[in-house]
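Reviewing the structure listed below.
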Amino acid sequence: MIDLNTQDLNEVNIQYIKGVGEKRARLFNKLGIYSVGDLLCYYPRKYQDWSKSVSALEAPEGEVVAIRATMITPVQEAKIRKGMTLYKCNFSDGETVIHVTIFNNKYLAQALRTYEEYILFGKVDKSFTSASMSSPQIEKFDIADSIHPIYGATESLNSKAIAKVVKSVLDNLGELGETLPEEVKQKYNLCSLDFATRQVHFPSDVKNIEIARKRLIFEELLMLQIGLLKLRDKKETKNETRLTGDYFSEFEGLLSFELTRAQKRAINECLDDMKGSTTMNRLVQGDVGSGKTAVAGAVVFSTVKCGYQAAMMAPTEILATQHYESFKKLFKDCDIRLELLTGSTKAAEKRRIKAALMDGEIDFIIGTHALIQNDVEFKDLALVVTDEQHRFGVEQRASLAMKGTSPHLLVMSATPIPRTLGLIIYGDLDISILDELPPGRQEIRTDVVDSTFHTRIYNFIKKAVDDGKQAYIVCPLVDEGESELISAKEYAEKLQTEVFKDYNLGLLHGKMKAKEKDAVMSAFARGDVQILVSTTVIEVGVDVPNATIMLIENAERFGLSALHQLRGRVGRGKDKSYCILVSDSKSDSSAERLQVMKSTNNGFKIADYDLKTRGPGDFFGKRQHGLPNLIIADMLEDMDTLKACQQCAQEMLSADPRLDSYPALCKNINNMFRKTNY
């Protein structure tokens, strides 16, 4: 085995560790383990405590327990059929004979010796006269660890095999070098990195697991915070396109409504950024219907009036088209040259638009991913606006920003997120929050019912459609066979043939191609489709002011934030709108969650409740593009640690901006962010 003490563990390929090799290395690679450093950071997902043994008679029914017992009969082999061999033997714990059956494990069966003492770990089945255990884990008593780590494994690479390799590495390593300064360890009561790493994998007692985890969670969140702060510093480039004039009042004169205080505050924050010495990197985050588009319009207007170009990128063609139509209407009496560029723009038109952009003949371009093609060039791009941040990775944002000389960046998101969490998810951006709705915005009536109400609901939808309105019906699944729940396709067919025979139904789901989705959504927007049966792909979509009913089936299957986004698709016109949540769940927690939806239209309150009850899964994952994946820390559970790490990171960078005193920590931060789009 190579000398690990002279190597950078992140550079040592896992295949060169004793007991691994090239073939097994590929199994480790499937778990995301490529280096020895990766292996040591592949922490157990849980532990089995073998230290507290019980007798077979004391073992609770159906629970996994440890039993100290002596083997009293030799192993008997029995071939059941081809590929299946049983090995049977008896143990005694001093009170009870335990009949043990081992399936297809010849190696274990041959290793067992009569009259030797073992620990049996598994479930006990008891009868009046004896007890039995089926395929328990078995280890010799004198070498059995008190607490066994259980790792996430694959069929071909089990937890025990992973533990064996981790132990081999740790046994061949001297003391791991410290990465945190002594004063930080003392201030936050943290153990050494060496102790934490060894104890998290092979704890000597339960208490040490928590001590080890505390240190490792703190370091992971500290690295994340330092990395994000450094990214922000890196993004603070000199403002080459500083806005000079003030056109806010002129923009307000274009509007047929009064801006809210929150909108005015957000616009001023953006314009102050753009007049400052460094370029703007700002997120405008607001609830459904809070008026983010008007904020973007004000910033675009000021940019163009100061003689620069602006670009806005939307995640779908239909949303880009909607923005184009809205801004064309808003800027109709202004001297602002506006164009739309999407994948379906005809070739000749694309050539004309690209030439005009390069010559500066277009002031404001709206489009999809078509804007980040290599042959799209600007004369003087000063502002990049991206709509619905979670649909774009950091790389795509950066690609559009590269079209100009450090243009200002404005990101819009309709996902209400508690501010502390927002600072992490969008750690490289300043945040403006729109926390009030424009006057006149309809409050949507929300009802929670079970499936016995379907006939009444369908009649309610028919009446609305007969009056010229439209409706959404949302299902959580697409294909048959995914569960006992009816699929969107099957449900749409049933509704069309049995319930809404005389109405035009459309179907929208995530497995459709982008052009098919756009065609269906456009037909719905035009009113050609009266009732749209859909999965959650309409969560972010086109405004259809004529749609007044949102029916959501199996509502308990959705997170509250997702339900709130769906509900926001209606209530966009002048007519009273309704959201009907159908659920047959008998769970108290599901009922409580759905009542929260009924009781409030405030997205921030809903997001807070969702975080407390379901965790941050709705926000992390699909909305986390570009952020490093956390291995041991949990954004919600470890919120207090996160806040402490934010303060610690700021103090460390204030004292040593380049982190010259912490080379090992610096290297680990670089490794952490190297795997992302940053």
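Sequential numbering from 1 along the given sequence is applied to the chain's residues.
Remark: the backbone N or O of Thr241 is paired with a side-chain donor or acceptor of His408 at under 3.5 angstrom. A side-chain donor-acceptor contact under 3.5 Å links Arg265 to the backbone of Ile433. With hydrogens and angles ignored, the 3.5 Å screen pairs no side-chain donor or acceptor of Glu325 with any backbone N or O of Gln322. Judged by distance alone, with hydrogens and angles left aside, the side-chain atoms of Gln470 form no donor-acceptor pair with the main-chain N or O of Ile531 at under 3.5 Å. Arg567 places no side-chain N or O within donor-acceptor distance of the main-chain N or O of Cys579, the cut-off being under 3.5 Å. Checking side-chain atoms of Ser302 against main-chain N and O of Ala298 turns up a donor-acceptor pair under 3.5 Å. For Glu553 (side chain) and Cys475 (main-chain N/O), no donor-acceptor pair under 3.5 Å exists by modelled atom type.
Annotation: ring pair (Phe, Tyr, Trp, His ring centres under 6.0 Å) contacts involving residues 251-284, sequence neighbours excluded, comprise Phe251-Phe301.
A salt bridge links Glu250 with Lys305: the distance from a Lys NZ or Arg NE/NH1/NH2 to an Asp or Glu carboxylate oxygen falls below 4.0 Å. The pair Arg282-Glu269 meets the salt-bridge criterion, since a charged nitrogen lies less than 4.0 angstrom from a carboxylate oxygen.
Closest of all the heavy-atom pairs between Leu410 and Ala296 is CD2-CA, 4.0 Å. Smallest separation of non-hydrogen atoms from Met274 and Met280: SD-CE, 3.8 Å.
Within a 6.0 Å radius of NZ in Lys605, other residues, nucleotides and ligands contribute 12 heavy atoms or fewer. Within 6.0 Å of CG on Asp335 lie no more than 12 heavy atoms contributed by other residues, nucleotides or ligands. By the neighbour-count criterion of 12 heavy atoms within 6.0 Å, atom NZ of Lys667 is sparsely surrounded, having that number or fewer from other residues, nucleotides or ligands.
The residue from Val474, Leu508, Ile473 that alone fulfils the side-chain contact (heavy atoms from CB on, under 4.5 Å) condition with Leu532 is Leu508. Evaluated for a salt bridge (charged side-chain N to carboxylate O under 4.0 Å, His left out) with Glu339, the options Arg352, Lys354, Lys350 yield exactly one hit, Arg352. Residue Cys270 forms a side-chain contact (heavy atoms from CB on, under 4.5 Å) with just one option from Val299, Thr303, Asp430, and that option is Val299.
With sequence neighbours left out, Phe248 forms a ring pair (Phe, Tyr, Trp, His ring centres under 6.0 Å) with no residue at all. Applying the salt bridge (charged side-chain N to carboxylate O under 4.0 Å, His left out) test to Arg242 and every residue at least two apart in sequence or in another chain returns nothing.
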Salt bridge (charged side-chain N to carboxylate O under 4.0 Å, His left out) between Asp467 and Lys469, worked out: CA-CA 6 Å; Asp467 288 341; Lys469 304 296 183 290; over 6 Å; no
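Between Leu653 and Lys230, the closest side-chain pair of non-hydrogen atoms falls below 4.5 Å.
Rounded to the nearest 0.5 Å, atoms OH (Tyr578) and CG (Asp447) are 9.0 Å apart.
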